[in-house]
Amino acid sequence: MTSSFHFSLLFFSLLSLSPALAKASFHPHALLLPVQKDPSTLLYVTQLNLGTPLASEKLTLDLGGQFLWVDCEKGYSSTTYRPARCGSAKCSLAGADTCLECFSTSRPGCSNNTCELFPENTVISAATNGDLGSDVVSIQSTNGFNLGGIVYVPHFLFVCAPKFLLKAIHRTGVVFFGPGPYHFLLNTDASTPLIYTPLLLNPTSTVAVAGYSKPTTSSNYFIGVTSIQINQITVPNINASLLSIDHEGNGGTKISTVTPYTVLQTSIYTAVTKFFQNQLSGIPTVAATTPFKLCYNVTNFLGTRVEYNVLLIDLVLQNATVTWPIFGANSMVQVSDEVTCLGFVDGGLNPRTSIVIGGHQIEDNLLEFDLSASRLGFTSSLLFRETFQWHGP
Ligand SMILES: *[C@@H]1O[C@H](CO)[C@@H](O)[C@H](O)[C@H]1NC(C)=O
Ligand SMILES: *[C@@H]1O[C@H](CO)[C@@H](O)[C@H](O)[C@H]1NC(C)=O
Ligand SMILES: *[C@@H]1O[C@H](CO)[C@@H](O)[C@H](O)[C@H]1NC(C)=O
Ligand SMILES: *[C@@H]1O[C@H](CO)[C@@H](O)[C@H](O)[C@H]1NC(C)=O
């Protein structure tokens, strides 16, 4: 195989600030944040310029996170940082209705009469409380096609969190982007019509840490997968009730940027891998490589990187004509020079969410989280489109 076979960089997104957060100080442009994959953790990272003087913060992107948070214990110092005072408009905007006091030296992240939020590190399933504050942020703008000027957001709200939340991430600064204040915009161009599916509301939060979060509507993005097809044939024996979200918030399908590979509830995983193998009958499997269970010799799949000459997997959405096609580049993971595996993992018998669509399956796809219309727009792999070549500023 050629080197073009290897993972090329990213899926990336245009991030747009909501008018509410940006307040009256500027009208929302589309704002652009390049997103890259960290090869050691398989997490997606981005960079934001924050504070006065502006300092670059490296951030982890978590579409399911509830709000942005920054490590303020590592010496966050900025002349424009302002704690959000209890009862202020900033606190109500962020839904923060409880107060914190500070019993050490006052600094960003520790001040009296400041409202608190409960950021979660979804990577390690840890949560804690942290001060709500605001500061200046500068972000590259775009009109959706070209880069525009730098936009300054003077009162950007975020949570000043303790260092402990960063445990296991091994980075200097981490922020999770949540849906509340943002929506993702896509580099839509006329030649790429997006396919739309409704974003579903999960009635209960999927935040993993009990006791820290008030029960709320989940901040994760759920979509309605109704069946799965391989080779355009419906995979049999998928329990349909696992695909819908029940009244306790269990089941359904969400999109996660902190999950490297799509995770399927055990019975769905078994149905999919069996059917995939069945459709490739005649092609021998090779020894599996953890965390995958179905692996093949790459020589069986000579072809272009995109097509990978492998079976097409379709996530069928609201009706049979609306599907999310997953081509070889997004379905298979090449684990060595000779071996490629079906890039889905077994999520166990009782996961909270039955299907968690992970990073590998959304790379090189354009996703538009259109919160105002409550829908997800997507294209299948951009690897089909030679013109898509922007690689960050
Ligand atoms: C916050 O208030 C408490 C008691 O009201 C006081 O002991 C503490 O010094 C104050 N903290 C700061 C940083 O001013
Ligand atoms: C399908 O899933 C539901 C929800 O987990 C479960 O209660 C039911 O027993 C399952 N049905 C079958 C046939 O496995
Ligand atoms: C893959 O196939 C090639 C060519 O047939 C062979 O040389 C190689 O040993 C195989 N590798 C594995 C891991 O089966
Ligand atoms: C399928 O859904 C799409 C988008 O919601 C809609 O435009 C289309 O008419 C539907 N097709 C059928 C056959 O129901």
Side-chain angles (χ1 to χ4, degrees), residues 1-2 5-6 72-73 75-79 81-88 91 98-116 129-133 160-162 186 188 192-201 221-229 232 234 243-244 253 277 280-290 292-303 308-310 314-325 328 332-343 366-380:
M1 304 263 53
T2 67
F5 210 81
H6 289 267
C72 282
E73 268 180 16
Y76 186 90
S77 110
S78 162
T79 57
Y81 178 81
R82 300 285 177 268
R85 296 303 177 197
C86 291
S88 67
C91 296
T98 51
C99 276
L100 279 177
E101 300 238 300
C102 172
F103 296 101
S104 67
T105 315
S106 180
R107 57 167 177 80
C110 195
S111 58
N112 278 341
N113 189 28
T114 302
C115 62
E116 63 180 339
N129 57 357
D131 284 25
L132 183 68
C160 242
L186 282 214
T188 46
T192 311
L194 295 182
I195 302 163
Y196 287 99
T197 195
L199 282 168
L200 306 181
L201 219 54
Y221 294 105
F222 281 80
I223 58 170
V225 172
T226 53
S227 66
I228 300 174
Q229 294 181 344
Q232 300 190 321
T234 301
L243 298 180
S244 54
T253 300
Q277 186 174 357
L280 284 181
S281 64
I283 299 186
T285 57
V286 299
T289 300
T290 313
F292 310 115
K293 292 186 186 160
L294 185 59
C295 301
Y296 295 91
N297 190 323
V298 290
T299 54
N300 294 305
F301 303 107
L302 292 170
Y308 209 119
N309 235 358
V310 82
D314 279 297
L315 303 180
V316 181
L317 298 163
Q318 62 266 39
N319 64 44
T321 60
V322 184
T323 71
W324 177 331
M332 303 302 286
V333 176
Q334 192 167 355
V335 297
S336 72
D337 285 348
E338 293 179 352
V339 176
T340 185
C341 301
L342 183 63
L366 282 178
L367 301 182
E368 175 188 21
F369 293 88
D370 180 350
L371 298 189
S372 51
S374 200
R375 62 184 188 169
L376 169 72
F378 59 91
T379 64
S380 58

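Order of listing sets the numbers, starting from 1, for every ligand and every atom in it. Since the structure is predicted, the reported quantities are computational estimates derived from the model, not experimental observations.
Residues Tyr81 and Arg107 fail the side-chain proximity criterion, which asks for heavy atoms closer than 4.5 Å. A heavy-atom distance below 4.5 Å is found between the side chains of Thr285 and Leu294. Between Leu317 and Trp324 there is a side-chain heavy-atom pair separated by less than 4.5 Å. Residues Gln334 and Val339 form no side-chain contact, since every pair of their non-hydrogen atoms from C-beta on lies 4.5 Å or further apart.
In this structure, cysteines Cys115 and Cys91 have SG atoms closer than 2.5 angstrom. Cys pair Cys110 and Cys102 passes the test of SG atoms under 2.5 Å apart.
In this structure, Ser111 and Ser106 approach most closely via the heavy-atom pair CB-OG, 4.1 Å.
Residue contact check for ligand 1: Cys102 places a non-hydrogen atom closer than 4.0 Å to it.
Counting the atoms of ligand 3 from 1 in the order shown, those under 4.0 Å from a heavy atom of Asn297 are 1 (C), 2 (O), 3 (C), 8 (C), 10 (C), 11 (N), 12 (C), 14 (O).
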Tabulated below should be the N or O atoms of ligand 4 paired with protein N or O atoms at under 3.5 Å; can you produce that?
unit_1: ligand 4; atom_1: 2 (O); unit_2: Asn319; atom_2: ND2; d: 2.4
unit_1: ligand 4; atom_1: 5 (O); unit_2: Gln318; atom_2: NE2; d: 3.1
unit_1: ligand 4; atom_1: 11 (N); unit_2: Asn319; atom_2: ND2; d: 2.9
unit_1: ligand 4; atom_1: 14 (O); unit_2: Asn319; atom_2: ND2; d: 3.2

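Evaluation of the side chain to side chain donor-acceptor pair (under 3.5 Å) rule for Gln318 yields Thr197 as partners, not counting sequence neighbours.
Contacts between Ser104 and ligand 1 below 4.0 angstrom, taking non-hydrogen atoms only, involve the backbone exclusively.
Between Phe103 and ligand 1, not a single N/O pair is under 3.5 Å apart.
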